[in-house]
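Since the structure comes first, as structure tokens, the remarks are kept for the end.
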Amino acid sequence: MSRAAVVAGVGGYVPPRVVTNDELAQRLDTSDTWIRTRTGIAQRHVVDAGTTTSDLAVEAGLRALKNASADGADLVIVATTTPDRPCPATAPAVAARLGLTDVPAYDVAAVCSGFVYALQAGSAAVTARFAERVLVIGAESFSTILDPADRTTSVIFGDGAGAVLLRAGEREEPGAVLDVHLGSDGSMADLITVRGGGVEERTRGAEPRPEDRYFRMDGKSVFFAAVRHMAESSRTVLASTGWEVADIDRLVGHQANIRIIQAVADQLGLPPERAVLNIDRVGNTSAASIPLALADGMANGLLTAGDRVLLTAFGGGATWGSATLTWPDLPVG
Ligand code: COA
């Protein structure tokens, strides 16, 4: 028997306000048909004024703790692209609001790969005996960084949070995080970026440009890079675990675009119906995407005890990562 991090609870939360494709089409040159056929998205949730990323993270964290019947954790990691403030990190505030004021807490910034990066950190903290229980949260208020006039990004992204509580256990038991593969290539930094708000802007010596506050993406290049790296990373982590593609019961891919997930499944040779999808209802929620899909898949009975699950993501940086785990026996609801 070898020590491993085991999924003990899962929780997801989306803010109540729903924005439909038709609503977007009232103010942008787009249509419900274009968005559905090109992305698979029918609606997304967005935060109301005054709601922050930590609010969403706390809700998801509470649900994961409740699902695990746990009263806390001894490490909190928040993956986010949309922290409440540039400084300090969002995780300590989230931990404090969960009643955890004396535990380590930090943010992970890997954009849409953030949850897989944070899962690796949480899992490694358990196997290294640094922590017995780790709360790993992905949370985003992505709508706050979108250019309302940019139809290429406004139709894709949504807000939400998902959380997983990891506990110390054995690699052989259901729920164990088996292997994680991560990668990055900073030469692709400009494909997905918010140019303003950082040191580059402050040291330029010129007035900040309002348009630099917004998220920008080269969608086409991202599409191809995402498919390539998610498929390659998936193959790498499958080889580490000793699984064949046919062994995978469920693919939980970053919900970037339904065509990206389908192309990854196609490249791997995996039947597309093994993919867990919630992009139609929540859009691309970046670092919250995979844990929200896990919560959704569990609630809908798509993830059942003993399933062999492959997670895979690609995001800004560029960053990418994949993980293998078996699904635990968790209470639903
Ligand atoms: N509504 C209507 N038309 C749109 C549109 C929108 N929201 N966005 C773009 N178009 C138009 C384009 O202007 C273009 O028109 P043209 O043919 O007259 O030039 C046409 O639709 C096709 O554009 P293209 O960019 O080739 O579309 P696409 O099929 O690549 O889809 C994305 C665009 C953004 C949906 C797609 O590239 C994508 O999903 N990329 C990855 C996004 C992502 O998830 N990133 C996050 C990190 S992984």
Side-chain angles (χ1 to χ4, degrees), residues 1-10 77 79 108 110 112-128 134 136 138 162-184 226-255 260-261 264-277 287 289-298 302-315 319-330:
M1 293 285 206
S2 50
R3 184 174 163 105
V6 173
V7 175
V10 180
I77 307 174
V108 165
C112 299
S113 310
F115 181 77
V116 182
Y117 267 64
L119 184 72
Q120 190 280 334
S123 169
V126 170
T127 53
V134 184
V136 180
V164 165
L165 183 74
L166 300 174
R167 65 164 171 83
E170 305 293 340
R171 189 174 168 91
E172 292 72 20
E173 64 178 299
V177 178
L178 299 174
D179 295 285
V180 185
H181 169 257
L182 301 176
S184 81
V227 173
R228 184 183 140 213
H229 286 291
M230 285 163 78
E232 280 179 10
S233 173
S234 294
R235 285 192 201 100
T236 304
V237 83
L238 288 174
S240 304
T241 307
W243 285 355
E244 302 294 332
V245 169
D247 295 332
I248 302 166
D249 296 305
R250 290 293 170 199
L251 166 69
V252 184
H254 166 47
Q255 311 282 305
I260 291 178
I261 299 173
V264 170
D266 191 50
Q267 288 215 357
L268 292 175
L270 188 74
E273 60 274 13
R274 298 213 191 146
V276 171
L277 299 172
S289 165
I290 285 181
L292 258 182
L294 292 176
D296 195 73
M298 191 168 81
L302 293 174
L303 289 163
T304 50
D307 280 354
R308 286 157 297 190
V309 181
L310 170 67
L311 313 181
T312 188
F314 178 89
T319 55
W320 55 85
S322 303
T324 48
L325 62 142
T326 52
W327 197 251
D329 194 2
L330 295 177

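Here the structure is a predicted model, which means the values were calculated and not measured.
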Closest heavy-atom pair and its distance - [X], [Y]:
| X | Y | result |
| --- | --- | --- |
| Val10 | Val164 | CG2-CG2, 4.3 Å |
| Val116 | Ala313 | CG2-CB, 4.0 Å |
| Pro291 | Ala163 | CB-N, 3.8 Å |
| Ala231 | Leu268 | O-CD2, 3.7 Å |
| Phe115 | Ala79 | N-CB, 3.9 Å |
| Ala265 | Pro272 | CB-CA, 4.5 Å |

Rounded to the nearest 0.5 Å, what separation is found between the [atom1] atom of [X] and the [atom2] atom of [Y]?
| X | Y | atom1 | atom2 | result |
| --- | --- | --- | --- | --- |
| Arg250 | Leu310 | CZ | CG | 13.0 Å |
| Leu178 | Glu172 | CG | CD | 9.0 Å |
| Leu303 | Asp296 | CG | CG | 9.5 Å |
| Asp179 | Ser322 | CG | OG | 11.0 Å |
| Met230 | Trp320 | CE | CH2 | 12.5 Å |
| Arg308 | Glu244 | CZ | CD | 11.0 Å |

Expected output: side-chain [X] to main-chain [Y] donor-acceptor under 3.5 Å:
| X | Y | value |
| --- | --- | --- |
| Ser123 | Val177 | no |
| Thr127 | Ala124 | yes |
| Thr324 | Thr241 | no |
| Arg3 | Val126 | yes |

For this session: Would you please test Leu294 and Trp327 for side chain to side chain contact (heavy atoms under 4.5 Å, CB included) and show each step?
Result: CA-CA 10 Å; Leu294 292 176; Trp327 197 251; 3.8 Å; yes
Should [X] and [Y] count as side-chain neighbours, where that means a heavy-atom distance under 4.5 Å?
| X | Y | answer |
| --- | --- | --- |
| Leu238 | Ile248 | yes |
| Thr312 | Leu251 | yes |
| Val7 | Pro328 | yes |

For this session: Quick one: do Gln255 and Leu277 satisfy side chain to side chain contact (heavy atoms under 4.5 Å, CB included)? Show the steps, please.
Result: CA-CA 7 Å; Gln255 311 282 305; Leu277 299 172; 3.9 Å; yes
